[in-house]
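A short write-up of the structure that comes next.
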Amino acid sequence: MDGVLNETTNTVHKHKTGRSDFRTHCGATSHVTHDRLRLVSIDRTTTDRNVSRCGRCFSDAGGY
């Protein structure tokens, strides 16, 4: 599953399926410039302790 990483906050969000841009389920990245966002594998980010998961996109995560 793909996610959108906000490189400013090191937070990964669920990518909105079927969208080619950086749209997310929660909409939290709508105000972030595209040069600060990148598509990543959500599975890959679960082992990175520097990356947090959006609490609105993931039920097992806290915060934004």
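Asp48 meets the side-chain contact (heavy atoms from CB on, under 4.5 Å) test with Asn50, Val51; sequence neighbours excluded. With sequence neighbours excluded, the residues satisfying side-chain contact (heavy atoms from CB on, under 4.5 Å) with Thr33 are Asp35, Arg36. Scanning for salt bridge (Lys or Arg N to Asp or Glu O under 4.0 Å) contacts around Arg38 gives Glu7, with sequence neighbours left out. The ring-ring contact (aromatic ring centres under 6.0 Å, His included) search around His34 returns Phe22, not counting sequence neighbours.
Considering CG of Leu39 and NE2 of His15, their distance stands at 5.0 Å, rounded to 0.5 Å. Remark: Cys57 SG to Lys16 NZ distance equals 10.5 Å, nearest 0.5 Å. Remark: Lys14 NZ to Asp2 CG distance equals 12.5 Å, nearest 0.5 Å. Atom NE2 of His31 is separated from atom OG1 of Thr29 by 8.0 Å, given to the nearest 0.5 angstrom.
Leu37 is listed as a side-chain neighbour of Asn6, based on a closest heavy-atom distance under 4.5 Å. Annotation: side chain of Arg56 is not in contact with side chain of Thr24 (no heavy-atom distance under 4.5 Å).
Listed here is the closest heavy atom pair of Val4 and Arg23: CG2-O, 4.2 Å. Scanning all heavy atoms of the two residues, the minimum distance from Phe58 to Arg53 falls at CD2-NH2, 3.3 Å.
Side-chain atoms of His25 never come within 3.5 Å of backbone atoms of Thr17 as a donor-acceptor pair (strictly under, hydrogens ignored).
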